[in-house]
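Since the structure comes first, as structure tokens, the remarks are kept for the end.
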Protein chains: 2
Amino acid sequence: MTDRLSVIFAALADPTRRAILARLAEGDATVSELAEPFSISLPAVSRHLKVLEQAGLITRSRSAQWRSSSLQAEPLREATAWMERYRRFWDDNFTRLDAHLRHIQEQEKQQ
Amino acid sequence: MTDRLSVIFAALADPTRRAILARLAEGDATVSELAEPFSISLPAVSRHLKVLEQAGLITRSRSAQWRSSSLQAEPLREATAWMERYRRFWDDNFTRLDAHLRHIQEQEKQQ
DNA sequence: CCTATGTTTAACCTATCCGTTAATTAACGA
DNA sequence: TCGTTAATTAACGGATAGGTTAAACATAGG
């Protein structure tokens, strides 16, 4: 699970972390500010932030004793780019063609 | 981790599973066919398929003793839709506006 | 009916994830 | 300098992930 895409998807697989990203979309925030809406301890949030940072989804800066987190959406672009490869499988414009190709494939499998 | 989006992202966080999806994009395949490129056991692949199925990323059909897997990209559409909310943070068209908004936000934080 | 083939389930192991509380580090400020 | 605030690190525990091998299940077919 060492590849970049896996790290990104794994980071996004936790609802708390996605909520943190949603909050950061409204502006930078400190660890305490990010922890406030959740019923989990500060160390737990601190770890989530480390996971997000390692995935490149946030950057952090220090100002006095506060550590501010800032959203970095570039990894989301990468993840989206990967998914785009499958767009034809859900996009209406391609559904008909895709069904046709699958039919062809099934026929070939018979032989 | 019971919510749908978490299950989808978790399913995508494994490189073997993503490779399986890539293979299925070229057409349906049996478990043995899917296992062939990997140096892992058949039971391991069988489990990966169960994970993908629970995420809604594949459907499966039985024909004799073969179980064929079929790609279902709808969950990818959902995941992409979630990420789209952050597009303005990476899209060039929005970068300038976004920088402006952040600047405003910083100013407000001062007071 | 018996056997071969394809796949899943069971039982197990190890590593990682996610949470906790307690201790530590860091910096401000009276 | 001492206490307060902000955050991280350490140490631990339970649950889950992902792999294994061995056993069980399902079906085609002689």
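Chain letters run A, B, ... following the sequence lines, proteins first, then strands; residues in each count from 1.
Contact check, B:S46 against C:dT8: a side-chain N or O comes under 4.0 Å of OP1 or OP2. Of the side-chain N and O atoms in B:R60, one or more sit less than 4.0 angstrom from OP1 or OP2 of C:dT8. In this model, the phosphate group of D:dA7 is not approached by any side-chain N or O of A:K50 to a distance below 4.0 Å at OP1 or OP2. The shortest distance between the side-chain N/O atoms of A:S32 and the OP1/OP2 oxygens of D:dA7 is below 4.0 Å. Side-chain nitrogen and oxygen atoms of A:R67 include none within less than 4.0 Å of the OP1 or OP2 phosphate oxygen of C:dA27. When the side-chain nitrogen and oxygen atoms of B:H48 are compared with OP1 and OP2 of D:dG19, one or more of them lie within a distance under 4.0 Å.
Connection of B:L57 to A:L5 is established within a shared hydrophobic cluster, with ILVMFWY side chains joined at heavy-atom distances below 4.5 Å, either directly or through further cluster members. Hydrophobic clustering (side-chain heavy atoms under 4.5 Å, transitive across Ile, Leu, Val, Met, Phe, Trp, Tyr) keeps A:W66 apart from A:L42.
Here B:K50 does not pair with B:E53 in a salt bridge; the nearest charged N to carboxylate O distance is not below 4.0 Å. Taking the charged nitrogens against the carboxylate oxygens, B:R18 and A:D3 do have a contact shorter than 4.0 Å, which makes a salt bridge. Salt-bridge check for A:R77 with A:E74: passed, with a basic side-chain N closer than 4.0 Å to an acidic carboxylate O.
What you find for B:L34 and B:L49 is that their closest heavy atoms are CD1-CD2, 3.7 Å. Here the closest non-hydrogen pair linking A:L71 and A:A25 is CD2-CA, 3.9 Å.
B:I40 places its CD1 atom 16 Å from the P atom of D:dA17, with the value rounded to the nearest Å. Distance A:L49 CG to D:dT8 P: 7 Å, rounded to the nearest Å. For A:D14 and D:dA17, the CG to P distance is 13 Å, given to the nearest whole Å. The separation between B:Q54 atom CD and C:dT8 atom P is 13 Å, rounded to whole Å. Remark: C1' of D:dA7 and CD1 of A:I20 are 14 Å apart, rounded to the nearest angstrom. Regarding A:L12, its CG atom lies at a distance of 16 Å from the C1' atom of C:dC17, rounded to whole Å.
Which of C:dT7, D:dG18, D:dT8 sits closest to the side chain of B:V31 comes down to C:dT7.
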Can you tabulate the close N/O pairs, meaning under 3.5 Å, that link protein atoms to atoms of nucleotides 21-30 of chain D?
| residue | atom | partner | partner atom | Å |
| --- | --- | --- | --- | --- |
| D:dT27 | OP1 | B:R62 | NH1 | 3.1 |

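In terms of polar N and O atoms assigned as donor or acceptor, the side chain of B:R47 comes within less than 3.5 Å of the base of D:dT20 in a complementary pairing.
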